[in-house]
**Q** 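Before anything else, here's the structure in question.
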Amino acid sequence: MKKVALIFSFCFVVFSCNKGDRDSQSSNSDKYTDNPKLVVGIVVDQMRYDYLTRFYSKFGDGGFKRMMRDGFNCKNNHFNYVPTYTGPGHASIYTGTTPKYHGIIANDWYDKVAKKFVYCAADDSVLAVGSDSELERMSPHRLLTTTITDENRLFTQMRGKSIGISIKDRGAVLPAGHTANAAYWFRGKDEGNFISSTYYMEELPQWVVDFNASETAESYLKVWDTFYDISTYTESGTDLNNFEGGFKGKETAAFPYDLNALKDQNEGFDIVKYSPFGNSIVADFAIAAVENEQLGQDDDTDILTVSFSSTDYIGHNFGVNSKEIEDTYIRLDNDLERFFKFLDSQVGKGEYTVFLTADHGAVEVPSYLQSVKVPAGYLDFDTRRKQFRAFLEQTYGTTEIVENVSNNQVFLNKEKLEELNLNLQDVEQAFVNELITYTNIAKAYTSTTMSSNNFTTGIESLLQNGYNQKRSGDVIVVNDIAHIPYGRTGSTHGSGLNYDTHVPLLFFGKGIKQGETLQKTVIPDIAPTISALLGISYPNGATGKPLEFVLD
Ligand SMILES: [Zn+2]
């Protein structure tokens, strides 16, 4: 703030003879004191850009359409790295950079130092709060850089609050950042509660205890049928087809779904996560958080991060083209409208700023694409593994020089290489030469290539932005387009192709222009844009640029 003030007084002196000084001075000083009271970051898990346009005619006026109409729509917004997964996605949105710098290289990855698999948000040094489960011990300790939420906390002397909310732990913990007041996520199974971590608190605040006791989760164990008459859902495929998973205990993946009847065979309250009601309960909880934590009620900007994850579970289960996905977005649109109306009355119309994006997109179900003659398919990892092991035995007399293969990366055993007197770069190159001959492997690169070049375009630049020298593997492969390691029903994501990278980016509310652009924007631009809006520091590793055409 001091620096800003100095610059201002300098400008004032230089231009003091100009007409209208007083006006420009007062509007300039407003600019840095009249911040939004609340910034809400919304991430819709697995939301492709075309869901905005495909389902447009089904949306009401107060949700997605309100943001598109009154806010700014970046229509050509992409992820600029691989892999396009949830953990890296949330980290990149809030840190303004890519896995190369923030270090969240996947959801789970092989830790070369600890020589074990790690999960992006798991932390053995903390305990869950609100659950006894050993599987819910979470913190942001693997995130290497600061988030926009951290920078706002630092800027406001910790007066501005940061709270993260999601169904998924990583969707709450990573956006909320290192300095958060709290992150809350949903524990399903036989609990059905929002929980947190000793990283933030010793016990749940009373309003969270009350929310959990209110049986809101129980109320969503109801029948999921289409919101409108299913015959009007002309933007998606037939309800009954061979491309969808469905729930255990129900023969067909077709409406309606009686969640209460199906819950025992589908992990109890987890079935709420796998329905659009998982988004509804997140909206309910976000509203309770704004009310009870008095977010947006004073001059220090608060940041609330809300991640809607049920869209991802439903996409994985039913696929991009399903009636279930269409219905899920119609219902999410209703939840957004309800949330925005609440913010209008609680914080005030025009007093808050919202951005909405996604953590990745998704490919159409490959078996569906095949049925309409689009090149697509499934990866046969068993055959690939056998072929690779045979190569290792034949060439090096042992498979032990490979420590781990995961996330399309090969991790070499450096001790074994030394023992066998093998040169790392020679082995990397030999692996590339071998792997590129395999079915459905389209490209292969060495870590030496990644760290000794500066790629600016194409898949190579996406791989490089996703490559973290300390954490990533020694050889990286890229699979054929629209080929996934998956069952024949449902969809997934992870590639650098447009179906995974092209996602919505909408800004709306205080300080935001009305408009749209087809100019390319990338995910790491979001956090610097919010920094510029608030006049605060960029997250410390940010590599994106503020989108000045978005700001008023
Ligand atoms: Zn997913």
Side-chain angles (χ1 to χ4, degrees), residues 42-51 78-79 81-94 99 104-109 117 119-122 138 166-175 185-186 188 243-247 253 266-267 270-276 278-279 282 305-322 324-326 328-329 332 356-368 376 378-379 406-408 462 466 479 482-504 523:
I42 298 176
V43 178
V44 183
D45 203 318
Q46 203 188 107
M47 183 172 184
R48 292 161 52 114
Y49 172 77
D50 66 355
Y51 290 168
H78 290 261
F79 280 86
Y81 63 84
V82 172
T84 41
Y85 296 144
T86 290
H90 282 81
S92 301
I93 292 162
Y94 287 90
I104 304 298
I105 57 168
N107 289 332
D108 306 86
W109 67 87
F117 243 78
Y119 171 61
C120 61
M138 304 294 164
S166 175
I167 284 285
K168 292 183 181 174
D169 51 65
R170 58 188 181 279
V173 166
L174 298 172
W185 62 95
F186 186 76
F243 316 121
E244 303 179 11
F247 293 106
N266 294 275
E267 309 281 335
D270 276 10
I271 201 166
V272 175
K273 304 197 224 175
Y274 287 78
S275 82
N279 296 326
V282 164
T305 74
V306 183
S307 193
F308 293 104
S309 323
S310 292
T311 40
D312 182 66
Y313 293 119
I314 295 162
H316 280 293
N317 194 355
F318 298 97
V320 167
N321 204 44
S322 61
E324 285 81 357
I325 272 291
E326 178 163 5
T328 297
Y329 278 89
L332 174 60
L356 182 147
T357 187
D359 56 347
H360 53 74
V363 66
E364 293 260 15
V365 178
S367 58
Y368 167 68
Y378 294 92
L379 301 171
S406 54
N407 296 313
N408 297 316
L462 299 193
N479 296 307
H483 281 68
I484 58 175
Y486 213 68
R488 294 187 69 82
T489 61
S491 189
T492 195
H493 48 88
S495 80
L497 278 309
N498 285 318
Y499 49 74
D500 282 336
T501 65
H502 189 197
V503 295
I523 286 291

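Side chains are part of it too, since the values below use all heavy atoms of this structure and drop only hydrogens, waters and symmetry mates. Predicted, not measured: the structure shown is a model, and the values here were computed from it. Just follow the structure's listing: the first ligand is 1, and inside any ligand the first atom is 1.
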**Q** Going by the angle between their ring planes, with limits at 30° and 60°, are Y368 and F243 parallel, tilted or perpendicular?
**A**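 Y368 and F243: perpendicular rings.
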**Q** Which protein N, O or S atoms lie under 2.8 Å from the Zn ion (ligand 1)?
**A**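 Short answer, with waters excluded from the count: D312 OD1, D312 OD2, H316 NE2, H493 NE2.
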**Q** Not counting sequence neighbours, which residues clear salt bridge (Lys or Arg N to Asp or Glu O under 4.0 Å) with D108? List them please.
**A** none
**Q** Taking the inter-plane angle between the rings of Y85 and H493 on a 0 to 90° scale, is it parallel (under 30°), tilted (30 to 60°) or perpendicular (over 60°)?
**A** perpendicular
**Q** With no hydrogens and no angle check, do the side chains of S92 and Y81 hold a donor and an acceptor under 3.5 Å apart?
**A**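 Distance-only check passes for S92 and Y81.
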**Q** Where the side chain of S307 meets the backbone of S166, is there a donor-acceptor pair that is under 3.5 Å apart?
**A**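 Not confirmed, S307 side chain does not pair with S166 backbone.
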**Q** Regarding N107 and T86, is there a side-chain donor-to-acceptor distance under 3.5 Å anywhere?
**A** no
